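Scroll down for the structure; my scribbles are underneath it.
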Amino acid sequence: MAEPTVVLPGVAPGTAPAPAVRPPLWLLAELTYKCPLHCVYCSNPLDYMAAGKELNTEEWVRVLKEGRAMGSAQLGFSGGEPLMRDDLVELATEARQMGYYSNLITSGIGLTEAKIKALKDAGLDHIQVSFQDSTKELNDFLGSTKTFELKQKVARLVKAYDYPMVLNVVLHRLNIDHIDKILALAEDIGVDYLELANSQFYGWAYLNRDHLIPTRAQLVAAEAEVNRFRERIGDRMKVYFVVPDYHAERPKACMNGWGAVFITVTPDGTVLPCHEAKMLPGIDFPNVRDHSLRHIWQDSDAFNRYRGDQWMQDPCRTCPDKTKDFGGCRCQAFLLTGDATQADPVCALSPHHHVVEAAVANAELEKPMISRPLVFRLDKNSQEFCKL
Amino acid sequence: MTEPAAITLEHQPRLRKLFRLQWEEVQQQHVLLYPEGMVQLNQPAAEILKRCSGDARVAAIVSDLEQAFQQTNLQADVLSFLQIAHTQGWIEHG
Ligand code: SF4
Ligand code: SF4
């Protein structure tokens, strides 16, 4: 999230001392893991089927209240597919009354005209629709259900109901060559913001990594296409193209730092500093059924574990960039090195950087080595991971 | 969009639909909220944006601010801030 403080010429910015623990400005409410889609890059935990009973409406309202009182201003309803919850309109109404700017992050499945109208009346601020791809065949393959035409209809409805329209497309090796069609579709629908986010490799995407890492040539071609489009479209649409971190020299400033800005409440009430963090072993992530959100954010071991830089080892500990990227992503460090306190191996200074280089080099081969066939995010597959 | 680049005293700027301006008690400041983002505003910036209703001309906004804060010569500051706000896409000329 952008956090510039705008200062008028000749006017000093505020000088209030910063509190030790900053407020969680961004609250992500993962309402459910239920989802009609089966994306191969889904970021939900592999063992989502092991999650406990979903929070009920009353519990969610309490969570939203507690978050707002701590200063949360942006609220994301996500999942799974949040439209699978039949209390979404009720939650959106509550959120608006509390003063949240609420964002619905949806695949669009289940978003009927009646639902859109109800959400609009409830005061929902924004709907982000994600598309797997603009080509029907590939989209059906990647989403593994017949969804494309429906999503196109949904996107037009979102626009018709006067929502700012953010279209999100996860890019990867299997769809990135269709970038021209994706751009044309976005233009056709009249998108305000287009987020072209290259797949990150966690959860299901990590399992499917060998299938999904693009080649450098694919990335260069896609970015050139995006730049040509930007030039032509001008102010009419803002296009973000997020370079995949595997192809970068430095890691992303993951979550703006652990426990700094983001708080995620998962369907069963477990609270995480980021929606991937559940994978980290040895951390007891607290639940809103047992504690207040304030206690969890400020005092729990889970949220303090990687706050600041005390936990760092070299090269991060002595690196001048540690205040910029916070050593990258803890989950990626754990996934690729087995130790969450390592530098994110995406960083060229990491002693484990060769792991990332090898994965990228594999992608350059004419026939990359594939460790397993594509695994779809299916309940039966998740159940297998629950057993592990 | 082929709007002229510079904001003048004749324009009637309006906060764009994508944005919501509100006071945040915890942060003790106004913020601009937009899809998945937030801009933290200092007091003068917020006072100017509050007045970008689409009805008031910049000249009127300036005199209103001068009156409210008992100051003079705010015109240049207001214009330069509105210019920033326009470049950032927060307001439209009107
Ligand atoms: S990534 Fe796909 S499968 Fe996963 S929650 Fe989103 S829409 Fe469902
Ligand atoms: S060594 Fe650590 S802090 Fe320095 S750039 Fe790499 S990840 Fe960031």
Side-chain angles (χ1 to χ4, degrees), chain A residues 1-16 18-19 22-26 28 67-76 78 96 98-105 123-128 162-168 191-193 195 233-238 240 261-262, chain B residues 1-5 15-52 61-62 65 69 71-93:
Chain A
M1 173 164 34
E3 296 185 62
T5 299
V6 177
V7 181
L8 275 182
V11 183
T15 46
R22 290 179 287 160
L25 300 177
W26 229 119
L28 186 67
R68 188 69 189 121
M70 290 166 70
S72 298
Q74 286 282 345
L75 171 65
S78 85
R96 182 65 190 88
M98 294 177 204
Y100 279 107
Y101 191 96
S102 52
N103 307 270
L104 173 64
I105 300 157
L124 182 79
D125 290 288
H126 152 238
I127 299 177
Q128 176 195 296
D162 209 25
Y163 279 107
M165 169 81 194
V166 176
L167 180 66
N168 172 281
V191 166
D192 297 305
Y193 295 88
E195 289 177 5
I233 202 98
D235 289 350
R236 270 191 295 148
M237 192 192 306
K238 253 203 151 98
Y240 300 93
V261 178
F262 289 91
Chain B
M1 274 184 230
T2 48
E3 286 179 303
L15 198 59
R16 284 177 64 198
K17 233 181 13 218
L18 288 175
F19 296 88
R20 195 161 89 211
L21 174 67
Q22 75 183 27
W23 172 255
E24 282 299 297
E25 194 57 36
V26 172
Q27 300 178 48
Q28 287 294 305
Q29 63 190 347
H30 280 87
V31 299
L32 263 190
L33 295 164
Y34 59 97
E36 298 177 51
M38 174 163 69
V39 183
Q40 300 171 319
L41 301 167
N42 63 11
Q43 198 211 354
E47 291 299 336
I48 297 170
L49 286 178
K50 265 192 224 169
R51 290 165 170 79
C52 292
I61 293 176
V62 171
L65 283 165
F69 297 93
Q71 292 198 30
T72 50
N73 298 324
L74 288 181
Q75 183 173 311
D77 280 357
V78 172
L79 278 172
S80 84
F81 171 74
L82 286 175
Q83 199 57 55
I84 296 171
H86 186 251
T87 310
Q88 296 286 333
W90 304 335
I91 56 170
E92 48 203 10
H93 277 162

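Just so we're on the same page: letters track the sequence lines, and every chain starts at 1. What you are looking at is a predicted structure, and each value in this text was computed from that prediction instead of being measured.
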If we ignore hydrogens and angles and just use 3.5 Å, is the side chain of Arg20(B) paired with the main-chain N or O of Asp125(A) as donor and acceptor?
no

Given side chain to side chain contact (heavy atoms under 4.5 Å, CB included), test Gln74(A) with Val31(B) step by step and report yes or no.
CA-CA 11 Å; Gln74(A) 286 282 345; Val31(B) 299; over 6 Å; no

Proximal component of Tyr163(A), with respect to chain B [non-hydrogen, under 4.5 Å]:
neither

Residue pair Pro35(B) / Val166(A): nearest heavy atoms and the distance that separates them:
CB-CG2, 4.0 Å

State whether the side chain of Gln22(B) and the backbone N or O of Gly99(A) hold a donor-acceptor pair below 3.5 Å, judged by distance alone.
yes

Worked check of salt bridge (Lys or Arg N to Asp or Glu O under 4.0 Å) between Arg68(A) and Glu24(B):
CA-CA 10 Å; Arg68(A) 188 69 189 121; Glu24(B) 282 299 297; 2.8 Å; yes

Could you check if a side-chain atom of Tyr193(A) sits within less than 4.5 angstrom of a side-chain atom of Leu18(B), using non-hydrogen atoms only?
yes

So, for Val26(B) and Ala69(A), which heavy atoms are closest and what is the spacing to 0.1 Å?
CG2-O, 3.4 Å

How about Lys17(B): does its NZ atom have over 12 heavy atoms from other parts shown lying under 6.0 Å from it?
no

Atom pair OH (Tyr101(A)) and CZ (Phe19(B)), whose distance is rounded to the nearest 0.5 Å:
8.0 Å

CD of Glu92(B) to CG of Asp235(A), rounded to nearest 0.5 Å, is 11.5 Å

In this structure, CG of Leu75(A) is separated from CG of Leu33(B) (nearest 0.5 Å) by 11.5 Å

Side chains of Met38(B) and Leu25(A), heavy atoms from C-beta outward: is any pair under 4.5 Å?
yes

